[in-house]
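All remarks here apply to the structure that follows.
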Amino acid sequence: MANPLWANNVAATGAATQRVSGTVDVAIASNGNRTSITFQNVGTVDVFYREDSTAPTAANAHYTLSAPSTDLGGDGGFLKVDGVPGAMKVGAASTYKLQIMEYIKQ
């Protein structure tokens, strides 16, 4: 059964489909075929998102994904971004974990 959240002409694939963790910012390259991208915070610190290549901080973030109640708790901040093919960046003030799924045109 197809995922009801997405149109039938997209596939869960792409270079940014991964779980990332660390203490450095993660750059997500522009992708003209991107239809949407999702982020879920699965670590224990807040994660910051910017819709450009600027290093995200608590002071300049476009969105903050709150930390879940426990590590890999499943209730951390979630963000779905549609129709933005440009570069993005995520990061945090300390070690973080973030699940990223990029959807592209087939």
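For the numbers below, each heavy atom of this structure counts, side chains included, while hydrogens, waters and symmetry mates do not.
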On a heavy-atom basis, the closest approach of T64 and F48 is OG1-CD2, 3.6 Å
Contacts of D75 meeting side-chain hydrogen bond (donor to acceptor under 3.5 Å, both in side chains) (sequence neighbours excluded), chain-then-number -> S69
E102 and I37 have their tightest heavy-atom pair at CA-CG1, 4.0 Å
Side-chain heavy atoms under 4.5 angstrom apart, residues restricted to Ile, Leu, Val, Met, Phe, Trp, Tyr: same cluster for V81 and V42? no
For D25 and G91, the nearest pair of non-hydrogen atoms, with its separation, is OD1-CA, 3.6 Å
Correct closest heavy-atom pair for A87 and S30 would be N-CB, 3.7 Å
**Prompt:** Where do D82 and Y103 land on the side-chain contact (heavy atoms from CB on, under 4.5 Å) test, with the steps shown first?
**Reply:** CA-CA 9 Å; D82 292 325; Y103 294 83; over 6 Å; no
Looking only at heavy atoms, the pair that brings R34 and I104 closest together is CA-CG2, 4.0 Å
| Residue pair L98 / L65, side-chain heavy-atom distance below 4.5 Å | yes
Between S66 and N41, the two heavy atoms sitting closest are O-ND2, 3.2 Å
Q: Say whether V84 and I28 are linked into one hydrophobic cluster, either directly or through other cluster members, by side-chain heavy-atom distances under 4.5 angstrom.
A: yes
Determine all donor-acceptor pairs shorter than 3.5 Å in which one atom belongs to a side chain in residues 54-62; sequence neighbours excluded.
residue	atom	partner	partner atom	Å
T54	OG1	D52	OD1	3.3
T57	OG1	A59	N	3.3
T57	OG1	N60	N	3.2
T57	OG1	N60	OD1	3.2
N60	OD1	T57	N	2.7
N60	ND2	A55	O	3.1
H62	ND1	E51	N	2.8

For the ring pair Y49 and F39, is the centre-to-centre distance below 6.0 Å?
-> yes
Q | Verdict with reasoning, I100 to T38, per side-chain contact (heavy atoms from CB on, under 4.5 Å) | A | CA-CA 6 Å; I100 303 172; T38 62; over 6 Å; no
Grouping ILVMFWY residues whenever side-chain heavy atoms fall under 4.5 Å, the cluster of V24 otherwise contains none
